[in-house]
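Report on one structure; see the data block that follows.
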Amino acid sequence: MDNFQIETAQNVSIQQNTAGIGERILAYLVDLLIIIAYFIVVILIVAALDLGMADEWAFWMVVGLPPFLYFLLWETFWDGRTPGKATMKIRVVRLDGSRPAFSGYLIRWLLRLIDITLASGGIAVVAILFKGTGQRLGDMAAGTTVISEKQKVRFNQTILVDIPDDYKPVYPQVTVFDDSEMRKIKGIYQDAKRNGNHNVILQLSNKVSSIMQITPQEKPIQFLSKVLEDYNYYTQK
């Protein structure tokens, strides 16, 4: 349930990183602690004011609205986040990644009574686990989900490549590059290799060898692979 892919009406693929169950539970607990702290403060105020029965009832009607509308108001006015969600770096979005309309937040909030309140979160947990797109019942009805905004760096997006312990480098000149430059070289190389774009590989090989001021003995694809391995060898040392 780490991520899912959707196709928009324009045939654009969008990869969403769904928030995990643990993240959502922790976000809820943070929000719950804030609500509890709010009620503690209100109780102290009521005790200090020494209100009559009628006045106290009216007072509670007013001060009870913020916690009652807590999730609806925060998510509506803070782009799908509550303090708890912001702490865990997660937020509510539509399935296409866009911001939900107010009706979406409202539907989620109304169905929270079934999803979370009445079943102590059990229905929400089961729905999220089985749906696979991070949706509880409220999300399914509203066409929303909860995503993680934490950056997840894949191995192929780093400069790292696997090299054996007894690896023998060939080009010490690779140290003229820095990490960001090598990351770009690796990205271009892997994309061109995956797409069978030999012209790009040739141009990249010529550019890299020119900067390194060497004449490669290998074919362009083997040369670029060697450059990546050598860079990892020297930077790891």
Side-chain angles (χ1 to χ4, degrees), residues 1-43 46 57-152:
M1 200 188 65
D2 290 336
N3 54 65
F4 67 97
Q5 183 168 299
I6 61 171
E7 291 285 334
T8 68
Q10 293 75 31
N11 296 319
V12 177
S13 295
I14 297 177
Q15 193 78 11
Q16 299 278 31
N17 293 319
T18 57
I21 289 289
E23 292 175 308
R24 295 181 70 164
I25 291 175
L26 288 175
Y28 175 75
L29 290 177
V30 171
D31 290 324
L32 184 61
L33 287 175
I34 292 174
I35 294 173
I36 291 173
Y38 173 84
F39 274 118
I40 291 174
V41 172
V42 170
I43 290 171
V46 170
W57 180 84
F59 181 82
W60 277 108
M61 286 291 291
V62 174
V63 300
L65 281 176
F68 179 68
L69 300 172
Y70 179 92
F71 292 96
L72 177 62
L73 293 176
W74 273 114
E75 291 177 0
T76 299
F77 294 106
W78 202 16
D79 195 21
R81 291 181 293 243
T82 62
K85 286 184 174 68
T87 300
M88 299 307 300
K89 295 184 178 179
I90 62 177
R91 68 184 177 95
V92 180
V93 297
R94 287 174 54 83
L95 283 175
D96 62 3
S98 63
R99 180 176 180 172
F102 173 73
S103 59
Y105 294 125
L106 180 62
I107 292 171
R108 293 185 83 253
W109 177 72
L110 290 172
L111 289 179
R112 175 177 290 274
L113 179 66
I114 299 174
D115 269 349
I116 298 173
T117 307
L118 294 180
S120 300
I123 294 177
V125 170
V126 171
I128 291 169
L129 289 175
F130 279 91
K131 182 63 176 176
T133 53
Q135 293 178 289
R136 59 177 176 85
L137 296 184
D139 288 310
M140 295 178 202
T144 60
T145 187
V146 179
I147 63 169
S148 173
E149 297 183 298
K150 296 174 183 176
Q151 294 296 322
K152 298 181 179 180

key: CZ (Phe39) with more than 12 external heavy atoms under 6.0 Å   = yes
ask   = Is the side chain of Gln135 donor-acceptor paired with the backbone N or O of Thr144 at a distance under 3.5 Å, no angle test?
value = yes
query = Is the closest side-chain heavy-atom distance between Leu72 and Phe102 below 4.5 Å?
reply = yes
message = If you define the side chain from C-beta out and look only at heavy atoms, does anything of Leu29 sit under 4.5 Å from Leu33?
response = no
key: Asp115 side-chain N/O to Gly138 backbone N/O, donor-acceptor pair under 3.5 Å   = yes
query = So Phe68 and Trp109, would you call those rings parallel, tilted or perpendicular, with 30° and 60° as cut-offs?
reply = perpendicular
note = Here the gap from Leu95 atom CG to Met140 atom CE, rounded to the nearest 0.5 Å, amounts to 10.5 Å
request  = Might you work through the ring-ring contact (aromatic ring centres under 6.0 Å, His included) test for Trp74 and Tyr105, ending with a clear yes or no?
outcome  = CA-CA 10 Å; Trp74 273 114; Tyr105 294 125; over 10 Å; no
query = Any sub-3.5 Å donor-acceptor pair from Arg136's side-chain atoms to Gly121's backbone N or O?
reply = no
query = Looking at Arg91, Arg81, Arg108, which one forms a side-chain hydrogen bond (donor to acceptor under 3.5 Å, both in side chains) with Glu75?
reply = Arg108
key: Heavy-atom side-chain contact between Val92 and Lys85 under 4.5 Å   = yes
task = Answer yes or no: is there a donor N or O on one side and an acceptor on the other, between the side chain of Ser98 and the main chain of Arg94, under 3.5 Å?
result = no
key: Point-to-point distance, once rounded to the nearest 0.5 Å, from CD1 of Ile123 to CG of Leu118   = 7.5 Å
key: Gap separating the CG atom of Asp139 from the OG1 atom of Thr18, nearest 0.5 angstrom   = 11.0 Å
message = Restricting to side-chain hydrogen bond (donor to acceptor under 3.5 Å, both in side chains), what partner residues turn up for Tyr70, sequence neighbours left out?
response = Asp31
task = Taking all heavy atoms of Ala142 and all of Gly104, pick out the closest pair and write down the distance.
result = CB-O, 3.4 Å
key: Contact check, side chains of Thr82 and Tyr28, non-hydrogen atoms, under 4.5 Å   = no
message = Looking at every non-hydrogen atom in both residues, tell me the closest pair between Pro66 and Tyr38 and how far apart they are.
response = CG-OH, 3.5 Å
key: Least distance between heavy atoms, Ala141 atom then Ile107 atom   = CB-CG2, 3.6 Å
inquiry  = For a quick test of reading the model, state the closest non-hydrogen atom pair linking Leu111 to Leu137 and the distance between them.
reply    = CD1-O, 3.9 Å
